[in-house]
Amino acid sequence: MNTNLPEPKEVFEFFYQICEIPHGTYNIDAISEYLADFAKKRGLEYIKDSLGNVIIFKGATPGYENEPAIIIQGHTDMVTVCEPESGIDMTKDPLSLVFDGEYLSADKTSLGGDDGIAVAYALAILDSDTIKHPAIEAVFTVNEEVGMDGALGIDLSMLKGSRLMNIDSEEEGVLLTSCAGGIRVQSKFSVGKRHTNGNFMQISISGLKGGHSGTEIHKGRANAAILMGRILKSISMTGYKLSSVSGGEKDNAIPYSAEAVIEIPESEERIVTGCVAKEFSDIRKEFAGIEENIRITAEKCDYTEADVIERKDSDRFVDFLVSVPNGVMSFSGEVKGLVETSLNLGIMSTKKDCIEAAFALRSSKKSAKDFLKERMFVITKLCGGEAECFGDYPAWEFKSDSPLRDKMVRVFKDMYGYEPKVEGVHAGLECGILAEKIEHLDAVSFGPDILDIHTVNERLDVKSVERTWEYILKVLETKG
């Protein structure tokens, strides 16, 4: 074992190994094989399915044979975002970890604490000969971040357990017992292009906080893609032609940057820079106290030829950006402060013959989710585009009778002297899908403190990881 690891070393040994393996969504073959090899080397029964999901089984330790089996579950994929100048290829390169004595982060990239820490906890338990526990069924799902594909496709009929510890939450001392459902919507706008010589400018938005569109959508942070639509609309009186527009990397992450390249007559450059400067000033005032580091610029490009989009086509897309709802749609009337329905424009991209916008919709009410989806289809159609949906997953409903929750609350209070918070969450969790596959599933989601997930500023609170590890072990050790 690496002696320079933070405590608990048995957990971080596996977390560091995981970070050596590229494991972004849809790039999960290597991490799935790693898990299978882990089980083989230890003589543990395992199943690896065609999707890449892995289930590893370990029998109860002496004295725990009659205790209910525990399902420990997390997902193996991570949201891969990096700083543009990082030079890192997250499909091939390992993460470069940085530990400052308090937090663990990755240099210029997201960390993947969501949900690599769950995988590391589970492997440390499976690897141990001294931890007391009931029978363990460790379920590692794939491609959670794009619609929970692994959970939707996994076969769990062989599991004996009905108590699920889902380690996919980011706030220590909070036990989650319900979550929103969600769906992805992609709006596509066909465009005509022509190659031209001219004067080109790049409009750039940067320095936004971004963040997770489930856990941080209520914070009112700016969406760079939506702001770009506003800026492009502000220069509509000019003769500009849009060459490309882009922003965001994942539909469930709030875009923290966006770029647009336009062809503009030199005589109108000043109008563009003036409009952009005015919008920058207004936006900075509107987001005062929320987005302290926002930066919006318009600069001349060093090339003079490129493809441009027919103005009528780009206008349709800009109209869509300034019309489409974004952010929190409604708060729950039953749970104070809980977002009930929201959507996030997470990816905006220019393709060969179209411009696309990908959204993550969430709601704890199926009817509200379905209606928001219909609104998206109508707005897209009115603006001349086409929409499609995918990755529909159900909400996880609160269960009034939960022996696992009651035990976890009791153990927490015994350890720390106060009760944990028991809450619902707006972010999507796999528990709702798994509850449809396992009869009478009793589930709780929890985890250590992870800050700014799905961003390059993501960091894992190491002391919180240690406390959560001790808590997990106590829950496993406690009978009943």
For the pair [X] (side chain) and [Y] (backbone), establish whether a donor and an acceptor sit closer than 3.5 Å, ignoring hydrogens and angles.
| X | Y | value |
| --- | --- | --- |
| Asp93 | Ile88 | no |
| Ser178 | Phe398 | no |
| Asp319 | Cys383 | no |
| Asp114 | Glu170 | no |
| Glu279 | Cys275 | no |
| Asn326 | Leu345 | yes |
| Ser213 | Asn252 | yes |
| Ser363 | Glu340 | yes |

Minimum heavy-atom separation for [X] and [Y], please, with both atom names.
| X | Y | result |
| --- | --- | --- |
| Tyr393 | Met148 | CE1-CE, 3.6 Å |
| Gly211 | Thr455 | N-CG2, 3.5 Å |
| Gly112 | Glu458 | N-OE1, 3.1 Å |
| Ile433 | Ala151 | CG2-O, 3.5 Å |
| Thr25 | Asp77 | OG1-OD2, 2.7 Å |
| Thr109 | Cys82 | CG2-CB, 3.7 Å |

Are [X] and [Y] packed together at the side-chain level, in the sense that at least one heavy-atom pair is separated by less than 4.5 angstrom?
| X | Y | result |
| --- | --- | --- |
| Thr215 | Glu171 | no |
| Ile347 | Gln186 | no |
| Tyr103 | Leu451 | yes |
| Ile379 | Leu382 | no |
| Ile71 | Ile438 | yes |
| Tyr16 | Pro6 | yes |

Which distance, rounded to the nearest 0.5 Å, do you find between the [atom1] of [X] and the [atom2] of [Y]?
| X | Y | atom1 | atom2 | value |
| --- | --- | --- | --- | --- |
| Phe280 | Thr273 | CZ | OG1 | 14.0 Å |
| Glu310 | Ser190 | CD | OG | 13.0 Å |
| Glu263 | Glu305 | CD | CD | 12.0 Å |
| Lys193 | Lys241 | NZ | NZ | 15.0 Å |
| Ile262 | Ile235 | CD1 | CD1 | 4.0 Å |
| Ile18 | Leu95 | CD1 | CG | 10.5 Å |

Problem - With Pro255, the side chain to side chain contact (heavy atoms under 4.5 Å, CB included) member among Leu227, Asn344, Ile226, Leu208 - result: Asn344
Exercise for the section: Please determine which of Ser246, Ser204, Ser243 meets the side chain to side chain contact (heavy atoms under 4.5 Å, CB included) test together with Val261. Expected result: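 Going through Ser246, Ser204, Ser243 one by one, the side chain to side chain contact (heavy atoms under 4.5 Å, CB included) with Val261 is satisfied by Ser243 alone.
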Exercise for the section: Return the orientation label for the Phe320 and Phe189 ring planes: parallel under 30°, perpendicular over 60°, tilted otherwise. Expected result: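 Taking Phe189 first and then Phe320, their aromatic rings sit tilted (interplane angle of 30° to 60°).
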Exercise for the section: Applying side chain to side chain contact (heavy atoms under 4.5 Å, CB included), run through Arg230 and Ile205 and close with a yes or a no. Expected result: CA-CA 12 Å; Arg230 172 176 173 171; Ile205 302 172; over 6 Å; no
Between [X] and [Y], does at least one N-O distance fall below 4.0 Å, as a salt bridge requires?
| X | Y | answer |
| --- | --- | --- |
| Lys285 | Asp282 | no |
| Glu292 | Lys209 | yes |
| Lys437 | Asp155 | no |
| Arg405 | Asp442 | no |

Do we see a donor-acceptor contact under 3.5 Å between the side chains of [X] and [Y]?
| X | Y | value |
| --- | --- | --- |
| Thr304 | Asn197 | no |
| His75 | Asn143 | no |
| Glu172 | Tyr471 | no |
| Thr141 | Gln73 | yes |
| Asp307 | His195 | yes |

Fill in the blank from the handout: The ring pair (Phe, Tyr, Trp, His ring centres under 6.0 Å) partners of Phe14 (sequence neighbours excluded) come to Phe38
Handout entry: Charged tip of Arg221 within 45° of Phe287 ring normal and under 6.0 Å
Key =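 The answer is no, since Arg221 fails at least one limit relative to Phe287.
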With a sphere of 6.0 Å drawn around [atom1] of [X], does it hold more than 12 non-hydrogen atoms of other residues, nucleotides or ligands?
| X | atom1 | answer |
| --- | --- | --- |
| Glu397 | CD | no |
| Arg316 | CZ | yes |
| Arg295 | CZ | no |
| Lys48 | NZ | yes |
| Lys219 | NZ | yes |
| Phe371 | CZ | no |

Exercise for the section: For side chain to side chain contact (heavy atoms under 4.5 Å, CB included), just list the numbers for Ile231 and Ile203, CA-CA rounded to whole Å, side-chain angles, deciding distance to a tenth of an Å, and then say yes or no. Expected result: CA-CA 9 Å; Ile231 291 170; Ile203 301 170; 4.0 Å; yes
Problem - Full working for side chain to side chain contact (heavy atoms under 4.5 Å, CB included) between Met90 and Glu249 - result: CA-CA 12 Å; Met90 296 191 74; Glu249 299 180 53; over 6 Å; no
Problem - His454/Val81 under side chain to side chain contact (heavy atoms under 4.5 Å, CB included): CA gap, chis, key distance, verdict - result: CA-CA 7 Å; His454 297 187; Val81 293; 5.8 Å; no
Problem - Passing option when Asn199 is tested against Glu266, Glu268, Glu269 for side-chain hydrogen bond (donor to acceptor under 3.5 Å, both in side chains) - result: Glu269
Problem - Contact list for residues 378-387, test side chain to side chain donor-acceptor pair (under 3.5 Å), sequence neighbours left out - result: Ser187-Thr380
